[in-house]
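Every number for a ligand or one of its atoms is a count from 1 in the order of the listing.
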Amino acid sequence: MRLSLLLLCPSLAIAAPHDATLHDHDLDSANTRPWRALSDIITDKIWSSPEKQAALETHVDSPRVLRTPDSRLLALYGGDTVLRFTIRNADEAAALAEATGVLSLDVWEFNAEWVDIRLAIDAVSSLLHLLPLSLQDAHVPLLQDSSLAQAVLDSYPLPLDTPLHHDLHSYSHTPKTAPHESPSQSKGGHPFFKDYQPLSVIHPWMSLMSSMFTTHVRRINIGMSFEGRDIPALRVGVHPTNKEKAETPRKTILVVGGSHAREWISTSTVNYLAWSLIHSYGRDRETTRLLEQFDFVFVPTLNPDGYVYSWETDRLWRKNRQPTSLPFCHGIDLDRTFSFQWNGESHPSGPCSESFAGEAPFEGVEAQRFAEWATNETQNNNVEFVSFIDLHSYSQQVLYPYSYTCRDDPPALEDLEELAIGLAKAIRISRKGRQYQVTSACEGNVFMSKNHKDRVVLPRIESSGGSMLDYFYHELKIKYSFQIKLRDTGSYGFLLPKENIIPTGEEIVSALHYLSHFMLGEIGIMSGAPNAEPGEPLSKPAFGEMEESLEL
Ligand SMILES: *[C@@H]1O[C@H](CO)[C@@H](O)[C@H](O)[C@H]1NC(C)=O
Ligand SMILES: [Zn+2]
């Protein structure tokens, strides 16, 4: 049987009309780009005068806020569904791997037990006919409470339902003065985190952080994206080299998000972590001490072109926006394009695949810039990266190297496992914390038999080489490297409702505190190390609550 490729591949079906490279300033047709209109409004409100704001408020009512998906969203997503297939044996996994590879299906997430696949509703029965009989009733739709198009719509902010704009606006007029007097955000969280934010808000917000909190925040630039956007980062810490050249390299914890564009929760969480440390400095003894010991570098949008595209054109865009050898398929998967164990040659599905690794290692521009920047930091700028955290969504997992194979164990396996378990525990015991699984990032390679004794190596649903995790672990020798897949476990997947932004941020703040104490030798295996600093005893196990309890 021959299947229609277009029917089965939602990203193909929508790629053609949006083929042109889109820059912010190219988009003047607000009617056809509702999200652009929203982000313009938000940005204008932040930076413009009160008079202009008043004028805008009347203007806002005309592109009326949508409560149900409009025709454009229905055209893009109305015909699609996301199915979770339960995998019970190696044959089923192999068949699914083949089908998704050959047909370039959009695999949302997978592990040893299930695969979530987005596809056209019309194509479901054709696909099922290609699969083993046993799989034909082993699937359930995700997003049971809502259509895909509705969930897409719900993930965007409503223009007028948050006081964010006024809050940031007031910040922008009090730069460089008394950071401790910034408005209180502790109750209910900062309004910036009530919604996902577009790049046009995130980047000014980062600049604002660095100009307001000059004692401990600097805005730095990782490099430039394919389409020419900055990839900014915040370096948070009380850097000793500001005054005197430090002899020993500055210990630095590197946190990155947004390498996959549609995983918005990863971007908001990086910003949340940054904000948590930034505003606790000088108020919370514990955080102040951590920022004296470490620098934290936060990169919220490693893939700015893809992020913008996911806001303005296709909410479910994953890759970057580079052209490929096929004119109607854009994008390289930034988490498959790193040089360590890059395996793009053997990847069967090519440029239309959501996990396309490029034609050669480091063809993905943003990945290459990031690697160059990190290498340069360690070689020329007296930085020692002691931990690397790559945030993704979804499935609530703390993953340690390697990704590319389960056959080789990483040299630091035991320590990695111990810390990963600690991170998952810190997440779980934080207020409203969720349960995160701990496993190797290779797990999709392996089918565990029911008794968990036999490991059966399978063809993976997606390729697993060239990952950012393996690269930073192996090439940059950052021993404590992890990938964390954030909420949820499939109810909404990438379309995680915004009410999760703050709770997800909080649980990962808890993990970051745990990580820092571990690195200081105050918890776990390193606590017996001869050069460990004694530090203050940890009175409370619930790190997530530390901030509140220590705030005076
Ligand atoms: C490497 O670091 C030097 C010194 O800070 C800087 O001037 C240069 O631009 C950096 N290069 C890259 C690729 O980041
Ligand atoms: Zn991802």
If you measure only the distance, is there a donor-acceptor pair under 3.5 Å linking the side chains of [X] and [Y]?
X	Y	value
Gln150	Asp154	yes
Gln341	Tyr471	no
Arg336	Ser467	no
His330	Asn320	no
Ser225	Glu227	no

* Does Arg84 make a cation-pi contact with Trp114, if we ask for NZ or CZ under 6.0 Å from the ring centre and within 45° of the axis? ->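 Yes - Arg84 lies over the ring of Trp114, closer than 6.0 Å to its centre and within 45° of its axis.
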* Scan Phe385, Phe340, Phe338 and name whichever one has a side chain to side chain contact (heavy atoms under 4.5 Å, CB included) with Phe472. =>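 Of all the options given, the one that passes is Phe338.
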* Are Tyr196 and Tyr156 close enough that their ring centers fall under 6.0 Å? ->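 No, the ring centres sit 6.0 Å or more apart.
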* Asked: Exactly which residues line ligand 1, taking a heavy atom under 4.0 Å from it as the test?
  ->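 Within the 4.0 Å shell of ligand 1, which is judged on heavy atoms, sit Asn376, Asn381.
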* To do: Below 2.8 Å of the Zn ion (ligand 2), tally up the protein N/O/S atoms for me.
  =>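 Of the protein's nitrogen, oxygen and sulfur atoms, 4 lie under 2.8 Å from the Zn ion (ligand 2).
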* Before giving the answer on ring pair (Phe, Tyr, Trp, His ring centres under 6.0 Å), spell out for Phe494 and Trp264 the whole-Å C-alpha distance, their side-chain angles and the decisive distance to 0.1 Å. => CA-CA 7 Å; Phe494 303 121; Trp264 287 4; over 10 Å; no
